There are 2 protein chains.
Amino acid sequence: MSSDFQPKKLPRQARSRQTFDAIVEACARLLIADGYGALTTNHIAEVAGVSIGSLYEYFGDKDAVVYEVVRRTAHGFSEDAARPLPAFGRVSVRTAITSWIDALFAAMRSREPLLRAIAADVPQTIREPHERESRVRYLELARTAYRMAGDHVRQDRVEEVSFLLVTLVEAALTRLVLDPPDDVSPAVVVDELSCRVLEWVAPRSRARPRPSGSR
Amino acid sequence: MSSDFQPKKLPRQARSRQTFDAIVEACARLLIADGYGALTTNHIAEVAGVSIGSLYEYFGDKDAVVYEVVRRTAHGFSEDAARPLPAFGRVSVRTAITSWIDALFAAMRSREPLLRAIAADVPQTIREPHERESRVRYLELARTAYRMAGDHVRQDRVEEVSFLLVTLVEAALTRLVLDPPDDVSPAVVVDELSCRVLEWVAPRSRARPRPSGSR
DNA sequence: TCATAATCCGAGTAATCGCTCGGTTTTACT
DNA sequence: AGTAAAACCGAGCGATTACTCGGATTATGA
């Protein structure tokens with residue numbers, strides 16, 4: 001069940017917890033500075049200020065350290081992005097969606113260097129589990145928004161449109177943070193993104209949506 | 001100017017052209033089978049049926065071989081996807097966009113294993129130049145469609161919407177090919193994708209678009 | 001205090017792998 | 001046929017690096 005990347009042993013005492021954290025943080029720093037390709041366990045240990053032996057006390061192999069870095073990033077990440085969400089139900093769907101997009105964008109921007117390093121070189125086997133997990137959450141959010149829109153939108157392609165919605169938001173924000181085109185302003189794109197997405201799940205007009213998806 | 005990944009020497013005789021191709025093809029096969037992480041130059045040469053010395057006759061280093069694989073993939077790729085485009089002007093914008101999306105999807109599907117291998121592990125420094133190049137072409141297409149739509153759509157955020165459009169199509173098709181969710185049918189998603197994109201650049205209704213992009 | 005477990009250490013090992021280089025074989029050309 | 005250039009060969013060098021292991025050090029708890 002559990003991935004092979006899991007730490008082989010978790011720290012039990014305070015001192016070892018510091019060691020563990022130092023290793024993970026050093027790994028993150030090196031990932032940002034030199035990329036996955038130049039990452040070595042000896043280097044990680046050196047930067048962390050611990051011995052190579054200690055590193056292998058907690059991590060089965062090199063990728064387990066990277067995995068932990070990615071895991072922490074994704075975790076802190078989804079916490080930031082999920083914060084505005086409890087408002088769902090108290091505010092309109094429109095507000096909820098918009099603030100979700102804004103929060104996600106802010107969360108990504110604040111971790112830009114690490115995100116860039118991870119997206120650039122880290123093998124998919126390491127990234128995938130976390131990307132999958134957050135995507136599942138986003139999909140749930142999209143479906144909820146869809147349901148709340150009631151019969152203002154077509155209900156026969158909920159899965160398909162949710163998929164497109166999540167894909168669009170994720171990809172657009174990622175590209176906006178990591179590789180922004182120089183002839184657009186990020187803020188305007190984010191605004192436009194919100195508008196386009198809202199048109200899908202919570203259109204302004206009272207009119208029923210177009211009758212059919214056929215060409 | 002030119003990247004360091006360029007082949008150090010191009011084959012001049014027929015025999016060497018075969019050698020060159022065999023190396024590139026072997027690299028592609030190994031990339032698909034074992035991934036970038038397990039790729040070795042000795043292994044490439046062995047599978048190609050040539051000596052390691054011959055490999056370094058044409059390629060400055062390992063990544064130059066991978067670069068050539070990616071280059072060829074992206075090239076054959078954009079040829080397939082661009083084939084339906086000359087029709088622009090002879091057919092409606094709607095038809096052009098739809099057939100572009102369909103062609104792109106087909107082109108990606110037919111190269112699925114290689115695309116998966118490249119997306120999974122190949123460092124961004126190698127992928128980026130080609131992704132950038134095709135993205136520029138797609139953006140040009142989006143702008144053209146936008147312009148042809150005339151005043152049926154707002155003209156003050158052409159760049160922003162084009163960016164979103166290209167991002168959506170690229171990301172959705174990629175995910176659909178490499179990591180299709182199991183509760184949607186790819187064909188339906190592609191159809192829905194076309195519909196959504198067409199709504200942006202060539203809406204059905206004659207009515208003017210909504211007046212403002214503000215929330 | 002003392003035994004036991006947890007933690008830490010880092011020199012060393014074994015294996016890998018990118019790449020070179022001196023030399024042979026093949027092709028092109030006159 | 002003769003020659004020069006192009007192509008090919010592959011053993012092996014040099015460097016890197018993931019990971020081990022036997023032992024030192026520190027914490028726990030009875």
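As a basis for the values below, the full set of heavy atoms in this structure was taken, side chains included, without hydrogen atoms, waters or symmetry mates. Throughout, protein chains are lettered first and strands after them, A, B, ... in sequence-line order, and every chain is numbered starting at 1. Here the structure is a predicted model, which means the values were calculated and not measured.
The shortest distance between the side-chain N/O atoms of B/T41 and the OP1/OP2 oxygens of C/dG18 is below 4.0 Å. Taking side-chain N and O atoms only, B/T40 has no distance below 4.0 Å to OP1 or OP2 of C/dC17.
At whole-Å resolution of the value, CZ in B/F59 and P in D/dC8 are 11 Å apart. Between the CG atom of A/D4 and the P atom of D/dA18 there is a distance of 18 Å, given to the nearest Å. Protein atom CD1 of B/I23 is 12 Å distant from nucleotide atom P of D/dA7, rounded to whole Å. Whole-Å rounding puts the B/D63 CG to C/dG18 P distance at 10 Å. Regarding B/I44, its CD1 atom lies at a distance of 12 Å from the P atom of C/dC17, rounded to whole Å. Taking atom NZ of residue B/K8 and atom C1' of nucleotide D/dC8, one finds them 14 Å apart after rounding to whole Å. B/H43 has its NE2 atom 10 Å from the P atom of C/dC17, to the nearest Å.
Residue B/Q18 places its CD atom among 12 or fewer non-hydrogen atoms of other residues, nucleotides or ligands, all under 6.0 Å distant. Around atom CZ of A/R137, more than 12 heavy atoms belonging to other residues, nucleotides or ligands sit under 6.0 Å away.
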Readout for nucleotides 4-15 of chain C: B = base within 4.0 Å of protein heavy atom, S = sugar-phosphate only, - = neither; 5' to 3' it is --SBBBBB----

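Rounding to the nearest 0.5 angstrom, the gap separating the CZ atom in B/R157 from the OG atom in A/S185 is 8.5 Å. In this structure, the separation between CZ on B/F163 and CZ on A/R175 is 5.0 Å, given to the nearest 0.5 Å.
Between B/D61 and B/A14, the residue whose closest nucleotide on DNA chain C is further toward the 5' end is B/D61.
Across all strands shown, B/L39 has heavy atoms under 4.0 Å from sugar-phosphate atoms exclusively, and none from any base.
For A/R127 (side chain) and A/P123 (main-chain N/O), no donor-acceptor pair under 3.5 Å exists by modelled atom type.
Under the 3.5 Å distance criterion, with hydrogens and angles disregarded, a donor-acceptor pair is assigned to the side chains of B/S92 and B/T95. Counted by atom type alone, A/D63 and A/Y36 present one or more donor-acceptor pairs between their side chains at under 3.5 Å.
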